[in-house]
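Below: the structure, in structure tokens.
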Amino acid sequence: MGARGPGSANIVSISSRIWTGRQGDGRTDREDLGRAAYAGRRGRSLVDELAAGVQRAVAAWADDEQIQLPHTLAVAVEPTARPEFGDYTTNVAFALAKVARRAPLAIAQALAPRVVALCPLATAGEAAAPGYVNLTVDFWPGLLGPDLPTFAPAATKVVVEHTSVNPNKAAHVGHLRSAVVGDVIARLLRRVGTGVEVHNYVDDLGKQVADTLIGLLHLDFTDPVPTHRFDDFCWDLYAEVARRVATDPEWQARERAALEALERQDNGTAWVGQLMTDRLVHEQLEDMGRFHIQYDLLVHESDIVREGFWARAFADLSRSPRLVHETTGRLAGCWVLRTGADPSDDGLPEPEAAAGDPRFNPDKVLVRSNGTLTYVAKDIAYHLWKFGRLDQDFQYRSTGGDGPWTTARVGEPPPHAFGRADRVVNVIDHRQDYAQEMVRLALAALGHDDAATALTHVSYGVVSLSPATAAQLGVDTSAGRSSYPMAGRQGIGIKVSELLAVVKEAVAASRSRDSGLSSQEIAVGAIRYYLLRHNLSTEIVFDVDAARDVHGNTGPYLMYAHARASSVLRRVADVPVDDVPRPLTPAERALARQLAAWPAVLEEAAAAVNPTLLATYAYRLAEEFTQFYETHPVARAAPGERSGRIRLTRRVERVLHDALDVLGLPAPEEM
RNA sequence: GUCCCCGUAGCUCAGCUGGAUAGAGCGCGGGACUUCUAAUCCCGGUGUCGCAGGUUCGAAUCCUGCCGGGGACACCA
């Protein structure tokens with residue numbers, strides 16, 4: 001990168017880091033998405049203005065000192081950790097120290113007054129050892145401007161796939177994590193102006209479905225825990241069948257026969273299978289619906305097979321040197337996707353996608369020696385369709401009412417074209433990293449490098465059980481592990497419906513009045529927040545007692561803060577509000593500063609495809625507001641102070657409402 | 001065996017694109033409601049940031065090795 005003339009540096013602000021705590025892995029595909037979102041935002045935030053002021057100061061300084069600046073500088077303009085450091089701080093002097101070969105403190109001292117002179121919002125600037133520029137800001141104009149960021153609608157369409165529970169039993173908390181994370185990603189992308197289509201993949205041809213099915217057909221099963229729900233019944237039935245399949249050759253043969261019958265599709269077994277999976281999907285969707293999670297399209301694996309999507313994908317893929325028909329050895333008779341991870345595979349193009357990645361097995365079977373397709377093969381076909389690269393389409397029908405559309409045997413005209421995505425976001429736990437990379441590799445091998453790049457796998461850690469919760473479920477915890485996995489095959493897990501009932505009960509028991517939001521809605525907010533506040537890469541060690549908590553860093557705390565703001569505003573509904581500026585108290589400043597961060601947090605969350613940033617931000621905002629609320633009367637404030645406090649409270653209500661909407665939590669006016 | 005993720009307060013977790021005295025919630029003890037909802041707030045924490053080296057003016061953060069936990073590497077999904 002060649003140096004330009006003095007004063008020409010672009011400052012790359014990474015300013016949102018401090019408010020939210022940055023996560024994310026910095027993958028390029030996520031950053032691209034972020035840039036698109038950033039470009040669409042209308043208007044500048046307070047922090048944007050400040051960063052621009054710092055940039056002007058740097059340019060002026062470089063001119064005066066005759067210093068050549070590089071094209072870009074990575075600089076943070078961020079809130080200070082302590083009030084005595086001012087409102088915002090920047091590390092720009094450290095970045096310049098390396099370029100100019102001068103002491104950071106000297107640069108900071110030269111910069112501080114220039115920022116104050118060149119940025120109308122900065123009322124004071126100080127250099128602090130070892131080289132920070134600390135800025136004090138006039139927050140008042142920020143309380144007069146527009147409340148919420150707006151984004152120009154983007155022409156791009158993103159398909160978000162999440163949930164994708166095997167339709168053979170009830171959904172558990174682990175599935176709910178995918179659903180909640182995916183749902184927030186969909187809400188977030190819509191919020192920043194992107195077109196979104198939400199898919200739920202129904203794997204109705206898999207081994208798990210076959211197991212529940214043969215239990216239904218061959219077992220005289222009575223549920224040890226009588227239930228009115230079919231998915232609860234299947235939960236126990238599946239565990240019973242899994243026990244038999246593990247050891248009994250007769251049941252293993254039944255499983256194979258059922259799998260084969262499901263894939264053939266024109267027989268009684270397949271029809272019973274379809275009736276079974278339809279009913280289970282219906283109940284799973286009811287569960288998710290209670291959490292305000294909705295889908296645009298259900299994609300059935302059986303429809304991918306029936307429509308012959310794989311035949312077209314195979315025709316294309318077989319022109320690639322990566323698809324190999326093995327004639328000898330362990331995989332004789334299989335069609336294999338060769339990843340190039342084996343060093344002996346010379347001559348294959350690389351690097352592309354996962355090629356040569358030592359994490360992966362060099363050969364991935366797509367077509368078994370008996371001619372049937374593996375899961376990855378069907379997923380490749382599905383993704384070619386998602387990206388509109390297949391010249392083929394499904395049949396569709398509506399599931400009625402507000403429900404999603406679904407792929408079907410016989411179609412009716414869909415309301416709009418499904419699929420044809422510019423980007424695809426798959427919310428799938430980290431155990432499928434390998435399978436997702438295989439899909440990406442196949443897309444690249446077919447020449448769809450753009451699609452391979454536009455495929456984002458949002459990988460997240462599994463939900464496991466705390467020792468206490470595992471013990472309550474009858475798991476043997478004598479091994480003393482720190483967590484225990486949920487296991488559908490063993491019937492071990494917290495079902496979504498049970499969790500909601502338990503948390504709802506806890507909410508009902510702890511509430512001080514009954515007139516506000518229903519206990520179920522509060523429970524939904526509590527559970528959603530619990531699943532969102534952990535980093536995506538973190539394995540959530542789920543504890544029932546912790547999930548039942550409604551105090552502290554929980555969903556109800558955020559909702560309560562919103563209800564308090566609403567309550568205050570009801571009291572002052574008729575009070576006239578003026579624009580007369582006044583100095584803010586420390587708590588007011590802290591609150592104003594947090595409010596000013598919202599546009600950047602939205603952008604960064606969209607860029608990183610990371611809902612946790614939103615959860616963290618909303619909690620901090622609720623916390624700042626609550627502290628303000630405790631110490632600053634609004635309705636009973638002196639007239640000189642009241643207008644500013646009403647403005648702050650109004651803004652808190654709107655920004656918190658916006659944040660809660662994106663998080664899918666209720667924003668109650670009363671609790 | 002190879003590779004990936006994780007290891008921070010009693011517990012669950014933030015912080016980790018290097019920077020100013022390492023944070024929150026829970027739990028525990030104490031305090032605050034005739035005042036905009038106390039589902040709240042305030043006070044009380046030196047914790048071998050797994051261990052050992054290294055890079056740096058500066059490391060919880062980057063690099064290497066080791067130890068411990070989890071996961072992936074299926075003609076499962």
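Per chain, numbering begins at 1; letters A, B, ... match sequence-line order.
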Quiz item: Can you check the N553(A) CG to rA39(B) C1' distance for me, whole Å?
Solution: 14 Å

Quiz item: How far, in whole Å, is rG50(B) from rC6(B) if one measures between their C1' atoms?
Solution: 11 Å

Exercise. Could you check which nucleotide pairs with rU55(B) in any of the strands shown, counting Watson-Crick or G-U wobble with both distances under 3.5 Å?
Key: none

Exercise. Write down the partner of rA60(B) under the Watson-Crick or G-U wobble criteria, each distance required to be under 3.5 Å.
Key: none

Exercise. For rA9(B) versus rA22(B), give the span between their P atoms, rounded off to a whole number of Å.
Key: 14 Å

Practice problem: Could you tell me the separation between the NZ atom of K364(A) and the P atom of rC75(B), rounded to a whole number of Å? | Solution: 6 Å

Quiz item: Reckon R431(A) has a side-chain N or O less than 4.0 Å from the OP1 or OP2 of rC76(B)?
Solution: no

Quiz item: Considering heavy-atom distances to RNA chain B, does V367(A) or F94(A) have its closest nucleotide positioned more toward the 5' end?
Solution: F94(A)

Quiz prompt | E539(A) and R177(A) ion-paired at < 4.0 Å | solution = no

Quiz item: Of the nucleotides rG71(B), rA39(B), rC76(B), which has the atom closest to the H430(A) side chain?
Solution: rG71(B)

Between the protein and nucleotides 10-13 of chain B, which nitrogen or oxygen pairs are less than 3.5 angstrom apart?
| residue | atom | partner | partner atom | Å |
| --- | --- | --- | --- | --- |
| rC13(B) | OP1 | E539(A) | O | 3.0 |
| rC13(B) | OP1 | V541(A) | N | 3.0 |

Quiz item: Counting side-chain heavy atoms from C-beta on, which of rC75(B), rC76(B), rA72(B) comes nearest to V365(A)?
Solution: rC75(B)

Quiz item: Which base sits across from rC33(B) as a Watson-Crick or G-U pair, both distances under 3.5 Å?
Solution: none

Quiz item: For rG7(B), which nucleotide in any strand shown is its Watson-Crick or wobble partner with both distances under 3.5 Å?
Solution: rC67(B)

Quiz prompt | Base partner of rG45(B), which must satisfy Watson-Crick or wobble distances under 3.5 Å | solution = none

Quiz item: With both distances under 3.5 Å as the test, what is the Watson-Crick or G-U wobble partner of rU2(B)?
Solution: rA72(B)

Quiz item: Base, sugar-phosphate, or nothing for L366(A), non-hydrogen atoms under 4.0 angstrom?
Solution: nothing

Self-check item: Sole candidate of R489(A), Q490(A), K169(A) that passes side-chain hydrogen bond (donor to acceptor under 3.5 Å, both in side chains) when paired with Y238(A)
Solution: R489(A)

Quiz item: Ignoring hydrogens and angles, does a donor from either the side chain of N134(A) or the base of rA20(B) sit under 3.5 Å from an acceptor on the other?
Solution: yes

Self-check item: Option among E301(A), K207(A), M438(A) that satisfies the side chain to side chain contact (heavy atoms under 4.5 Å, CB included) test with Y375(A)
Solution: E301(A)

Exercise. Take atom C1' in rU48(B) and the same atom in rG68(B), then report the distance between them in whole Å.
Key: 16 Å

Quiz item: For H562(A), which contact category applies under a 4.0 Å heavy-atom criterion: base, sugar-phosphate, or nothing?
Solution: nothing

Quiz prompt | Side chains of T89(A) and N134(A), donor plus acceptor under 3.5 Å | solution = yes

Quiz item: How far, in whole Å, is rA72(B) from rC28(B) if one measures between their P atoms?
Solution: 37 Å

Exercise. Using atom NZ of K207(A) as one end and atom C1' of rC76(B) as the other, report the distance to the nearest whole Å.
Key: 5 Å

Quiz item: Does the side chain of S302(A) come under 3.5 Å of the side chain of D204(A) through a donor N or O and an acceptor N or O?
Solution: yes

Exercise. Classify the side chain of S369(A) and the base of rC75(B) as holding, or not holding, a donor-acceptor pair under 3.5 Å.
Key: yes

Quiz item: Heavy atoms under 4.0 Å, any strand shown: does A561(A) hit a base, just sugar-phosphate, or nothing?
Solution: nothing

Quiz item: Looking at P104(A) and P130(A), what are the two nearest heavy atoms and their distance?
Solution: CB-O, 3.5 Å

Practice problem: Identify the nucleotide, in any strand shown, that forms a Watson-Crick or G-U wobble pair with rA22(B), with both distances under 3.5 Å; if there is none, say none. | Solution: none

Quiz item: Any side-chain donor paired with an acceptor under 3.5 Å for T163(A) and N200(A)?
Solution: no

Self-check item: Atom pair distance, as rounded to whole Å: CD1 in I646(A) and C1' in rC36(B)
Solution: 11 Å

Quiz prompt | Length of the OH-P vector between Y529(A) and rA39(B), whole Å | solution = 18 Å

Quiz item: Reckon A332(A) touches a base, only the sugar-phosphate, or nothing at all at heavy-atom distances under 4.0 Å?
Solution: base

Quiz item: E126(A) CD to rA20(B) C1': how many Å, rounded?
Solution: 14 Å

Quiz item: With sugar-phosphate meaning primed atoms plus P, OP1 and OP2, does E326(A) contact a base, only sugar-phosphate, or nothing at under 4.0 Å between heavy atoms?
Solution: nothing

Exercise. Mind calculating the distance between CE (M438(A)) and C1' (rC4(B)) to the nearest angstrom?
Key: 14 Å

Quiz item: With a 3.5 Å cut-off and no angle check, do the side chains of S537(A) and N535(A) form a donor-acceptor pair?
Solution: no

Exercise. Identify whether any heavy atom of D549(A) sits under 4.0 Å from a base atom; if not, whether one sits that close to sugar-phosphate; answer base, sugar-phosphate or nothing.
Key: sugar-phosphate

Quiz item: Which value, in whole Å, describes the distance between the C1' atoms of nucleotides rC11(B) and rG45(B)?
Solution: 15 Å

Practice problem: Determine, for R650(A) against E653(A), whether the closest basic-nitrogen to carboxylate-oxygen distance falls under 4.0 angstrom. | Solution: no

Enumerate all atom pairs, one protein N or O and one N or O from nucleotides 40-47 of chain B, separated by less than 3.5 Å.
| residue | atom | partner | partner atom | Å |
| --- | --- | --- | --- | --- |
| rU40(B) | OP1 | G552(A) | N | 3.1 |
| rU40(B) | O2' | R564(A) | NH1 | 3.1 |
| rU40(B) | O2' | E630(A) | OE2 | 2.5 |
| rC41(B) | OP1 | Y557(A) | OH | 2.7 |
| rC41(B) | O4' | E630(A) | OE2 | 3.3 |
| rC42(B) | OP1 | Q627(A) | NE2 | 3.3 |

Quiz item: Between A210(A) and A258(A), which heavy-atom pair has the shortest distance, and what is it?
Solution: CB-CB, 4.1 Å

Practice problem: Could you check whether A635(A) gets within reach of a base, just the sugar-phosphate, or nothing at all, counting any heavy atom under 4.0 Å? | Solution: base

Quiz item: Within less than 4.0 Å of OP1 or OP2 of rG70(B), is there a side-chain N or O belonging to R481(A)?
Solution: yes

Quiz item: Is the closest basic N to carboxylate O distance between E255(A) and R244(A) below 4.0 Å?
Solution: no

Quiz item: Is there a donor N/O on one and an acceptor N/O on the other, under 3.5 Å, for the side chain of T89(A) and the base of rA20(B)?
Solution: yes

Quiz item: When the nearest nucleotide of RNA chain B is assigned to N166(A) and to R636(A) on a heavy-atom basis, which residue is associated with the more 5' position?
Solution: R636(A)

Quiz prompt | Verdict with reasoning, T554(A) to D549(A), per side chain to side chain donor-acceptor pair (under 3.5 Å) | solution = CA-CA 7 Å; T554(A) 65; D549(A) 199 358; over 6 Å; no

Practice problem: Rounded to the nearest 0.5 Å, what's the gap from CG on L656(A) to CG on L558(A)? Could you check? | Solution: 6.5 Å

